[in-house]
Asker: 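Just dropping this structure here.
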Amino acid sequence: MPLKSFVREIGNMSKKFTKKEKHECRRGGAYIAPDSSPLSSTAGSSTALTEHGRWANLPPELLLDIIQRVEARETCWPGRGDVVACASVCRSWRQITKEVVKTPEQCGFLTFPISLKQPGSRDTPIECFIQREKATSTYRLYMGLSPALSGNLNKLLLVAKKVRRATCTDFVISLVGNDFSRSSNNYVGKLKSNFMGTKFNIFDSQPPKDSLVQSTNRSLQKTHSRQVSPRKPMFITAKISYELNVLRTRGPRRMKCDMYSIPASAIGQGGTAPTPTAFTNCNDEAQLGFKTLKSAQNVPLVLRNKAPRWHEQLQCWCLNFKGRVTVASVKNFQLVAAAEPSQNVAVPEQEKVILQFGKIGKDIFTMDYRYPLSALQAFAISLSSFDTKPVCE
């Protein structure tokens, strides 16, 4: 049997898509199958694994060879869905698939939902774009160059919904576009601003590995005696600050990001960034509340926007986005590491753009990120640029 037909038959057997998932596929490419843990299940029993059937009894050596071939052949979506199909057959297939599939840092591919919380590639940036829908106050993150260049090959990664409150603005981030409940398994985090829109906190629904958790002064939330779906705890993984701009809209914004969950040593020689391997269950009542994360090394990575240069002929501030940004906007930015001399970080590493964001059309923005940021962290930082900043502008 040809490999392509073999994988197609596996995909049909796995029945990995429900009607809701298929709806998301039509809007944004193939769906990333969730992990096997309860927190990552997105449609009840739609991804339930079965141990019976002829495919579960294949010799491990043959099974490993099949999955390696499929993984090596399909390097982009929607073809990457064949790798997900292999992981959806049964537990033995899923275990081997998870061993074969590398992290985005190693291969530059996003396959499973946990990939969205893992650092990006060290070699080349992962290219994405954000589509803004003003009518519904939603922001969709896709993997791809742009809607025009990628066409139907776009891969929906994350969706954020903007919620205005009396004293702040929240951007609730979910794996799907129709479920933003904090008690849902689709919920992955949020971005919260202060009243003036100059300071933001990035919240994650789970603490990354190798991090220390410190409770804030805010009182912990407790569940009521009546049975309700428990809300997930929140962990502050980063802080974003926008500085006062005396030139208002005529000058570029100045921003600073304190990445509490990423040590500054991550960008140094031999450094590593926290890489979660699975979603963890943190719904214990004793853990509910808001907590601040700090890396185990206690020296968080600091990112600052790259200063633009004034172009005399164009009479505007300019940055080299290498063709990925085509429309001038105060929202456009590039972030680089702001390392101290005592941290012994090489100059080329300090000049390397870790995240760039910019406008290419009406309600279309590109977002390219790389190690040590994850897709979730890069998306949250980019969302902060959409919020109104009366003090800065």
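All figures in this text were calculated on a predicted structure; none of them were measured in a lab.
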Asker: Measure the CE-CG distance between M367 and L157 for me, rounded to the nearest 0.5 Å.
Answerer: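 The CG atom of L157 is 8.0 Å from CE of M367, to the nearest 0.5 Å.
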Asker: For the backbone of L110 and the side chain of W77, can you confirm whether one donor and one acceptor N or O come within less than 3.5 Å of each other?
Answerer: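 Looks like yes, one N/O pair under 3.5 Å.
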Asker: Does K256 pair with E243 as a salt bridge, N-O distance under 4.0 Å?
Answerer: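 Salt bridge: no.
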Asker: Got a second to check how far Q356's CD is from N305's CG, nearest 0.5 Å?
Answerer: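 It comes to 13.5 Å.
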Asker: Can you see whether T275 engages Q118 through a side-chain donor-acceptor pair at a distance of less than 3.5 angstrom?
Answerer: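 No.
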Asker: Which heavy atom of A273 sits nearest a heavy atom of I262, and at what distance?
Answerer: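 In this case the closest contact between A273 and I262 is CB-CG2, 4.5 Å.
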Asker: Would a 4.5 Å heavy-atom cut-off, applied to side chains only, mark T97 and R94 as touching?
Answerer: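 When only atoms from C-beta onward are counted, R94 and T97 do not touch, as no gap falls below 4.5 Å.
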Asker: Please check if the side chain of S137 supplies one atom and the backbone of K161 the other of a donor-acceptor pair under 3.5 Å.
Answerer: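 Pair absent, no side-chain N/O of S137 close to backbone of K161.
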Asker: Counting C-beta onward and ignoring hydrogens, is there a side-chain heavy-atom pair between I236 and I202 closer than 4.5 Å?
Answerer: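 When only atoms from C-beta onward are counted, I202 and I236 do not touch, as no gap falls below 4.5 Å.
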Asker: Quick check: does any side chain N or O of Q106 sit under 3.5 Å from a backbone N or O of T103, one acting as donor and the other as acceptor?
Answerer: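 Present.
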Asker: Please evaluate residues S184 and D179 with respect to the criterion side chain to side chain donor-acceptor pair (under 3.5 Å), reporting the C-alpha separation (whole Å), side-chain torsions for both, the decisive distance (0.1 Å), and the verdict.
Answerer: CA-CA 7 Å; S184 169; D179 184 5; 2.5 Å; yes
Asker: Does NZ in K239 sit with more than 12 non-hydrogen atoms of other residues, nucleotides or ligands closer than 6.0 Å?
Answerer: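 Atom NZ in K239 is not packed in, count stays at 12 or less.
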Asker: Grab the two heavy atoms, one from I96 and one from P60, that are nearest each other, plus how far apart they are.
Answerer: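 Scanning both residues, the minimum pair turns out to be CD1-O, 4.4 Å.
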Asker: How about S205 and K117: does a side-chain donor come under 3.5 Å of a side-chain acceptor?
Answerer: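 Yes.
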Asker: When you measure from the centre of the six-membered ring of F203, is the NZ or CZ of K190 under 6.0 Å away and within 45° of the axis?
Answerer: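 Judged by the rule, K190 and F203 form a cation-pi pair.
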Asker: According to a 4.5 Å side-chain heavy-atom criterion applied to Ile, Leu, Val, Met, Phe, Trp and Tyr, with indirect links allowed, do I126 and V84 form part of one hydrophobic cluster?
Answerer: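 As far as the 4.5 Å side-chain criterion goes, V84 and I126 are connected within one cluster.
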Asker: Does I267 reach the side chain of L301, with side-chain heavy atoms less than 4.5 Å apart?
Answerer: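 Yes; the side chains approach each other to less than 4.5 Å.
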Asker: Apply the test side-chain contact (heavy atoms from CB on, under 4.5 Å) to residues L335 and M255: give CA-CA distance (whole Å), side-chain angles for both, the deciding distance (0.1 Å), then the verdict.
Answerer: CA-CA 9 Å; L335 292 184; M255 60 187 298; 3.9 Å; yes
Asker: Could you tell me which non-hydrogen atom of P147 sits nearest to which non-hydrogen atom of N154, and how far apart they are?
Answerer: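 Closest approach of P147 to N154, heavy atoms only: CA-ND2, 3.9 Å.
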Asker: Should V347 and V336 be regarded as members of a common hydrophobic cluster, given that ILVMFWY residues are connected when their side-chain heavy atoms come within less than 4.5 Å of each other, either directly or indirectly?
Answerer: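 Looking at the clustering, V336 is in a separate group from V347.
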Asker: Between R182 and M234, is the side-chain contact (heavy atoms from CB on, under 4.5 Å) condition met? List the steps.
Answerer: CA-CA 10 Å; R182 184 172 159 184; M234 302 293 292; 3.0 Å; yes
Asker: Between the side chain of S385 and the main-chain N/O of S382, is any donor-acceptor distance below 3.5 Å?
Answerer: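 The answer is no, because no donor-acceptor pair under 3.5 Å joins these two groups.
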Asker: How long is the straight-line distance from CG of L141 back to SG of C128, given to the nearest 0.5 Å?
Answerer: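 Spacing of SG (C128) from CG (L141) equals 5.0 Å.
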Asker: Would you say the side-chain atoms of T366 pair up with the backbone N or O of R324, donor to acceptor, closer than 3.5 Å?
Answerer: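 Side chain of T366 to backbone of R324, a donor-acceptor pair under 3.5 Å: yes, one is there.
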Asker: Please confirm whether the backbone N or O of P125 pairs with a side-chain atom of R370, one donor and one acceptor, at under 3.5 Å?
Answerer: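 Absent.
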Asker: Under a 4.0 Å N-O cut-off, is there an ion pair linking R80 with E71?
Answerer: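 Here R80 pairs with E71 in a salt bridge, since their nearest N and O are under 4.0 Å apart.
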Asker: Quick check against the 3.5 Å criterion: does N332 have a side-chain atom that pairs as donor or acceptor with the backbone of K359?
Answerer: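 It does hold such a pair.
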Asker: Quick check: is M259 connected to L116 through a chain of hydrophobic side chains (ILVMFWY, heavy atoms under 4.5 Å apart)?
Answerer: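 As far as the 4.5 Å side-chain criterion goes, M259 and L116 are connected within one cluster.
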Asker: F386 and ring-ring contact (aromatic ring centres under 6.0 Å, His included): which single residue from Y139, F171, F200, F379 fits?
Answerer: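 The single option meeting the ring-ring contact (aromatic ring centres under 6.0 Å, His included) with F386 is Y139.
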Asker: What pair of heavy atoms forms the shortest contact from F129 to G144, and how long is it?
Answerer: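 Closest approach of F129 to G144, heavy atoms only: CD2-O, 3.5 Å.
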Asker: Judged by atom type as modelled, is there a donor-acceptor pair below 3.5 Å linking the side chain of S265 to the main-chain atoms of G268?
Answerer: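 No: the side chain of S265 does not pair with the backbone of G268.
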Asker: With side chain to side chain donor-acceptor pair (under 3.5 Å) as the rule and sequence neighbours excluded, what pairs involving residues 121-130 come up?
Answerer: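 The answer is E105-R122, R122-Y371.
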Asker: Check whether any side-chain heavy atom of V159 sits under 4.5 Å from a side-chain heavy atom of L156, and report yes or no.
Answerer: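 A side-chain contact exists here, since the closest heavy-atom pair is under 4.5 Å.
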Asker: Does L175 share a hydrophobic cluster with L383, counting links as ILVMFWY side-chain heavy atoms below 4.5 Å and allowing steps through other members?
Answerer: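 Cluster IDs for L175 and L383 match.
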Asker: Run through L373, L355, L303 and flag the one making a side chain to side chain contact (heavy atoms under 4.5 Å, CB included) with C257.
Answerer: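 Exactly one option meets the side chain to side chain contact (heavy atoms under 4.5 Å, CB included) with C257, and it is L303.
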Asker: Of the non-hydrogen atoms in P113 and F279, which two are nearest, and what is the gap between them?
Answerer: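 Shortest heavy-atom contact: CB-CE1, 3.8 Å.
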Asker: Counting N and O atoms only, with roles assigned by atom type, does the side chain of Q334 sit under 3.5 Å from a partner on the main chain of N320, one being a donor and the other an acceptor?
Answerer: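 Yes, the answer is positive, given that a donor and an acceptor are paired below the 3.5 Å cut-off.
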Asker: What's the verdict on side-chain contact (heavy atoms from CB on, under 4.5 Å) for I66 and R69, showing C-alpha distance, side-chain angles and the deciding distance?
Answerer: CA-CA 5 Å; I66 292 173; R69 292 185 180 214; 6.0 Å; no
Asker: Can a side-chain donor-acceptor contact be found between D204 and T237 if the only test is distance below 3.5 angstrom?
Answerer: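 The criterion, which ignores hydrogens and geometry beyond distance, is not satisfied for D204 and T237.
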Asker: Same cluster or not: are L64 and W93 linked, directly or through other Ile, Leu, Val, Met, Phe, Trp or Tyr residues, by side-chain heavy atoms under 4.5 angstrom apart?
Answerer: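 Result: yes, single cluster for both.
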Asker: Aromatic rings F365 and F357: how do their planes relate, parallel, tilted or perpendicular, breaks at 30° and 60°?
Answerer: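 Because their plane-to-plane angle is under 30°, the rings of F365 and F357 count as parallel.
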Asker: Please enumerate all residues that pass ring-ring contact (aromatic ring centres under 6.0 Å, His included) together with Y369, with sequence neighbours excluded.
Answerer: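 By the ring-ring contact (aromatic ring centres under 6.0 Å, His included) rule, Y369 matches no residue at all.
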Asker: Using atom types as modelled and distance alone, determine if a side-chain donor or acceptor of D82 lies under 3.5 Å from a backbone N or O of C86.
Answerer: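 Answer holds: no.
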Asker: Identify the two heavy atoms, one from L376 and one from L158, that lie closest to each other, and give their separation to 0.1 Å.
Answerer: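 Heavy atoms of L376 and L158 come nearest at CA-CD1, 4.0 Å.
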Asker: Considering the options R165, R164, K162, which one meets the salt bridge (Lys or Arg N to Asp or Glu O under 4.0 Å) requirement together with D170?
Answerer: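 Single salt bridge (Lys or Arg N to Asp or Glu O under 4.0 Å) partner of D170 among R165, R164, K162: R165.
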